[in-house]
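Below is one structure; the comments refer to it alone.
So that the names make sense, note that chain A is the first sequence line, chain B the second, and so on, each numbered from 1.
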Number of protein chains: 2
Amino acid sequence: MSVGHTGVTTEPVVSCGDEHEDCGIREVLDRIGDKWSVLVVVELAQGVRRFRQLQRAVPGISQRMLTLTVRRLERDGLVTRTVHPMVPPQVEYELTAMGHSLTYLVKALTDWSAEHRDAIAQARQEWDAAYPDSGIR
Amino acid sequence: MSVGHTGVTTEPVVSCGDEHEDCGIREVLDRIGDKWSVLVVVELAQGVRRFRQLQRAVPGISQRMLTLTVRRLERDGLVTRTVHPMVPPQVEYELTAMGHSLTYLVKALTDWSAEHRDAIAQARQEWDAAYPDSGIR
DNA sequence: CTGCATCCTGCATGATACTG
DNA sequence: CAGTATCATGCAGGATGCAG
């Protein structure tokens, strides 16, 4: 598509070297990189959960954010939402097969975290000691 | 707390079952969950990079955000920053051992992404078709 | 109980200009 | 080239009230 002639003709060859610019990392990160999705998935990994159960299980999440989070997960095919027509209403959320596969990724995350948490904490302490007023956090 | 008598007395047994409320997932996510860190790490996985190199390799990132990102990575002990006193200035960034270990996690991310990207896209299409005006995105 | 609508705020990010 | 400083802003997320 008419790359031009400014010398910017060289392809970036960016990223992990197997795909386009960002591999598709952004896709996953935009999924699970938000504040609550992973925590909800983790809870659902235990089994079927109702709305209130989820909210209680994920301390700090607001009704609004829980609704948004499960809706997005549902939209992405990671979670199913089952409405039982009764009063009071009962809605159950459950991981799909794809949702379950995500839990393995989450496992990798927690493993890495557990493994390096101390080292990171120490690195930070040292950095903060070296540059007390850096403004970085 | 007075759980009541509605049958919801079962303990949540929250999370991944090995730690407190959020396992520590938040820690990693707060690291790599931001918009640029992972992309920078991916690029640095290729080898030593200078500031401008990084900026060119990560299309769309601003000078400001690149600075912030590498500073944070440095603070966390994931990246080293080496200043070569010369003119024009030359600063090199390189992954630490811990930084390299992160790339394996990133690999898991990209793998999962590649594997489920299509399914997610399809699920979304179907969902959007079913609920055109949901407002969810 | 489940969920949507509304309002409000802070923070992450972006744009731009300036410095060594 | 490699930053720092400043200002602007969009959107994620929190709080609250109402509805089925």
Side-chain angles (χ1 to χ4, degrees), chain A residues 22 26 29-40 43-44 48-75 79-94 131 133-137, chain B residues 3-9 22 26 29-40 43-44 48-75 79-94 131-137:
Chain A
D22 67 0
R26 283 258 60 83
L29 253 40
D30 289 343
R31 287 309 83 219
I32 68 175
D34 73 309
K35 199 170 179 179
W36 303 109
S37 293
V38 172
L39 299 181
V40 170
E43 176 59 20
L44 286 178
V48 180
R49 291 290 186 270
R50 296 177 53 180
F51 191 86
R52 287 299 271 176
Q53 277 185 299
L54 276 178
Q55 189 171 13
R56 276 188 290 262
V58 182
I61 194 172
S62 64
Q63 257 184 2
R64 172 185 151 80
M65 288 318 296
L66 180 54
T67 300
L68 285 177
T69 302
V70 290
R71 278 298 180 289
R72 288 182 192 134
L73 292 174
E74 187 193 3
R75 176 172 180 255
V79 160
T80 59
R81 176 172 174 271
T82 310
V83 180
H84 299 277
M86 54 195 302
V87 37
Q90 178 167 342
V91 181
E92 289 183 332
Y93 296 92
E94 186 174 13
Y131 312 92
D133 303 328
S134 63
I136 303 293
R137 272 174 310 166
Chain B
V3 203
H5 58 291
T6 53
V8 198
T9 46
D22 66 0
R26 283 258 60 82
L29 253 40
D30 289 344
R31 290 305 85 220
I32 69 175
D34 72 310
K35 198 170 181 181
W36 302 109
S37 292
V38 171
L39 299 181
V40 169
E43 176 61 20
L44 286 178
V48 179
R49 291 290 186 272
R50 296 177 53 182
F51 190 87
R52 288 299 272 177
Q53 277 186 298
L54 277 177
Q55 188 170 15
R56 275 188 291 262
V58 182
I61 194 172
S62 64
Q63 251 182 6
R64 173 184 151 80
M65 288 317 297
L66 180 54
T67 300
L68 285 176
T69 302
V70 290
R71 279 296 181 291
R72 289 179 192 138
L73 292 174
E74 188 194 0
R75 175 171 180 256
V79 160
T80 59
R81 177 172 173 270
T82 311
V83 180
H84 299 278
M86 55 194 302
V87 37
Q90 179 168 339
V91 180
E92 290 183 333
Y93 294 92
E94 187 173 14
Y131 313 91
D133 302 328
S134 63
I136 302 291
R137 272 177 308 169

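A/Arg137 comes within contact range of no nucleotide atom at all, as no heavy-atom separation falls under 4.0 Å.
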Under a 4.0 Å heavy-atom criterion, the protein footprint on nucleotides 15-20 of chain C, written with B, S and -, is B----B

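Whole-Å rounding puts the A/Phe51 CZ to C/dC1 P distance at 11 Å. Between B/Asp133 atom CG and C/dA5 atom C1' the separation is 16 Å, expressed in whole Å. If you measure from atom CD of A/Gln55 to atom C1' of C/dT2, you get 10 Å, rounded to the nearest angstrom. The separation between A/Ile136 atom CD1 and C/dT13 atom C1' is 14 Å, rounded to whole Å. In this structure, the CG atom of B/Asp34 is 15 Å from the C1' atom of C/dG14, given to the nearest Å. Atom P of nucleotide C/dT13 and atom CG of B/Leu39 are separated by 11 Å, given to the nearest angstrom. Between A/Arg81 atom CZ and C/dT2 atom P there is a gap of 10 Å when expressed in whole angstrom units. Between the CG atom of A/Asp30 and the P atom of C/dA12 there is a distance of 16 Å, rounded to whole Å.
From B/Leu29, atom CG reaches atom CG of A/Leu29 across 7.5 Å, with rounding to the nearest 0.5 Å. With values rounded to the nearest 0.5 angstrom, A/Ile61 atom CD1 is found 13.5 Å from A/Arg56 atom CZ. Taken to the nearest 0.5 Å, the CG atom of B/Leu68 stands 8.0 Å off from the OG atom of B/Ser62. Here the straight-line distance linking atom CD of A/Glu94 with atom CG of A/Leu44 works out to 8.5 Å at 0.5 Å rounding.
A donor and an acceptor atom, one from each side chain of B/Gln55 and B/Arg52, are located under 3.5 Å apart.
Ranked by how close their nearest DNA chain D nucleotide is to the 5' end, A/Ile61 and B/Val83 are led by B/Val83.
With a 4.5 Å cut-off on side-chain heavy atoms, B/Phe51 and B/Leu66 count as touching. Contact of the B/Arg71 side chain with the B/Leu73 side chain is not registered, since no non-hydrogen atoms from C-beta on lie closer than 4.5 Å.
Considering only side-chain N and O atoms, A/Tyr93 lies under 4.0 angstrom from the phosphate OP1 or OP2 of C/dG3. Considering only side-chain N and O atoms, B/Arg72 lies nowhere under 4.0 angstrom from the phosphate OP1 or OP2 of C/dA12.
Using a 4.0 Å cut-off between a side-chain N of Lys or Arg and a carboxylate O of Asp or Glu, B/Glu43 and B/Arg49 qualify as a salt bridge.
Chain B approaches DNA chain D within less than 4.0 angstrom (heavy atoms of the protein), and the contacting nucleotides run 5' to 3' from D/dC1 to D/dT6.
Looking at every heavy atom in both residues, A/Val58 comes nearest to A/Trp36 through CG1-CE3, 3.6 Å.
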